[in-house]
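In what follows, a structure is listed as structure tokens, so that the remarks can point back to it.
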Amino acid sequence: MLKNSQHSYGWITITMHWLQATTILFMFGLGLYMVDLTYYDPWYRGSLQLHKSIGILLMVLWIIMIVWKNLNPRLKPEPAPKHELLAAKAMHWALYLTILSLLITGYLISTADGRSIAVFDLFEVPALPKLIENQESVIGDIHEILAFTLMGFVGLHFLAALKHHFINKDRTLRRLIKPQV
Amino acid sequence: MKNFLQAALVAAALTSASANAADYVIDTEGAHAFVQFKIKHLGYSWLVGRFNTFEGGFSYNADKPEDSTINVTIQTASIDSNHAERDKHLRGEDFLDVDEFPEATFASTGFTPDEDGLSGTLEGTLTLHGVTKTITFPVKKIGEGDDPWGGYRAGFEGQTTLKLADYGITYNLGPASTEVQLDLLIEGIRK
């Protein structure tokens with residue numbers, strides 16, 4: 001029930017999926033919200049600290065997810081035309097890579113001046129040497145574009161899940177709600 | 001004959017002009033020039049930063065200081081307040097909007113020397129954040145003379161205060177932080 005099988009996701013994969021999904025949506029909202037806060041807003045500093053802390057934890061979760069995925073048997077997809085299977089695979093990789101790129105670019109913004117990132121005052125992630133000139137601004141623009149790109153992918157991913165559930169009436173979405181027998 | 005005389009007069013005038021006016025290039029290569037800014041933080045303390053990339057030149061002759069001129073072009077994206085997250089904000093649309101306005105320029109339009117000949121009032125046009133205004137501010141000569149490496153240098157300092165709102169920068173930093181002080185520390189090498 002914890003591990004994946006060929007026919008079913010286990011609780012660990014299911015939990016990680018929804019934890020990431022909700023956290024990423026929250027982070028997108030928080031990101032949009034915090035950049036428009038005024039200087040005297042009590043959340044002006046705290047919102048950014050929260051965004052950075054969660055970002056680092058998401059990075060940890062992303063790594064665990066990839067490792068866990070590879071330690072488990074690969075699921076057999078629900079029957080579907082070849083191009084749909086290919087599209088699903090491409091979308092999953094697009095999601096993995098866009099999330100990873102967002103996490104890395106976020107890290108590179110705040111560490112551009114050599115400052116480390118404090119995660120909820122628990123531990124600090126040190127900076128790398130500066131990579132490019134005006135790193136925080138250049139990478140910052142990329143971070144913003146990636147965030148909107150990810151939301152586009154998430155939207156398609158969400159629509160595809162609904163299509164499987166309501167049009168194909170297969171188990172694709174149900175498999176991610178609870179382990180199937 | 002008349003043409004020859006005219007030509008001779010023009011030539012003489014040009015020669016004396018070039019003998020009087022000395023053109024200097026601002027020593028940004030050796031980083032002996034600084035464009036710094038200073039703004040109140042919350043009204044409790046100062047925040048200091050600078051622009052790292054700028055270039056320009058000036059013309060100055062101690063015998064005819066009233067003929068002095070100066071031109072400076074600043075790359076706004078080079079703002080550096082020693083904090084990446086703040087610099088990112090300062091380059092963004094709330095402040096300098098460097099994508100839209102990559103350069104700030106100052107070109108002098110006149111110089112009025114004081115009696116002492118070492119200081120005076122500089123007048124010129126400043127373009128910042130797409131807004132061009134005429135400003136005047138006091139400048140002071142620090143010194144001039146041979147350098148130890150075969151060149152000749154002169155240095156000046158100037159200070160002025162800008163109202164951010166005058167240049168279309170209206171992000172609310174609080175009532176104590178509506179003005180920014182600019183410190184210009186300029187050393188030039190004679191061409």
Side-chain angles (χ1 to χ4, degrees), chain A residues 27 30-56 102 104-119 124-148, chain B residues 28-29 31 35 37 39-55 74-104 129 163-165 168-180:
Chain A
M27 285 286 270
L30 178 60
L32 288 182
Y33 167 77
M34 70 182 193
V35 296
D36 278 335
L37 285 181
T38 56
Y39 197 61
Y40 276 72
D41 193 291
W43 261 95
Y44 181 83
R45 286 158 55 85
S47 59
L48 181 57
Q49 291 303 326
L50 183 65
H51 193 81
K52 293 194 287 184
S53 297
I54 295 176
I56 297 294
L102 258 171
I104 292 173
T105 50
Y107 164 84
L108 290 174
I109 296 169
S110 290
T111 57
D113 53 12
R115 279 177 173 77
S116 48
I117 294 178
V119 181
E124 294 204 350
V125 182
L128 288 172
K130 188 167 92 168
L131 303 174
I132 50 169
E133 201 54 39
N134 294 347
Q135 178 166 313
E136 58 277 8
S137 294
V138 176
I139 303 278
D141 288 346
I142 298 173
H143 188 72
E144 187 181 353
I145 292 164
L146 283 170
F148 282 97
Chain B
T28 45
E29 197 188 338
V35 177
F37 64 87
I39 186 167
K40 282 267 175 65
H41 183 229
L42 304 171
Y44 307 150
S45 66
W46 288 106
L47 180 140
V48 181
R50 64 186 191 200
F51 290 92
N52 286 334
T53 311
F54 57 96
E55 59 180 11
I74 297 165
Q75 304 301 317
T76 51
S78 72
I79 193 167
D80 181 355
S81 70
N82 197 24
H83 187 188
E85 287 163 359
R86 179 167 54 218
D87 292 345
K88 175 176 181 289
H89 196 188
L90 293 174
R91 290 188 196 108
E93 289 171 6
D94 283 338
F95 295 97
L96 293 171
D97 196 0
V98 303
D99 289 338
E100 192 71 20
F101 309 110
E103 288 183 349
H129 198 244
K163 252 195 172 62
L164 288 172
I169 299 172
T170 52
Y171 187 88
N172 182 18
L173 289 169
S177 309
T178 57
E179 292 184 336
V180 62

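Everything quoted here is computed from the prediction, not taken from an experiment.
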Original post:
OG1/B:Thr28 to CG/B:Asn52 distance, rounded to the nearest 0.5 angstrom?
Top reply: 11.5 Å

Residue [X] versus chain A: region with a heavy atom under 4.5 Å:
X       : answer
B:His89 : side chain
B:Leu42 : both
B:Asp80 : neither

Subject >> Sidechain-backbone polar pair: A:His143 side chain, A:Leu102 backbone, donor-acceptor under 3.5 Å >> reply: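 Yes; judged by distance alone, with no hydrogens or angles, the pair exists.
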
Original post:
Any salt bridge between A:Glu136 and B:Arg91, counting N to O under 4.0 Å?
Top reply: yes

Subject >> Residue among A:Lys52, A:Arg45, A:Arg115 satisfying salt bridge (Lys or Arg N to Asp or Glu O under 4.0 Å) with B:Glu85 >> reply: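 Answer after filtering A:Lys52, A:Arg45, A:Arg115: A:Lys52.
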
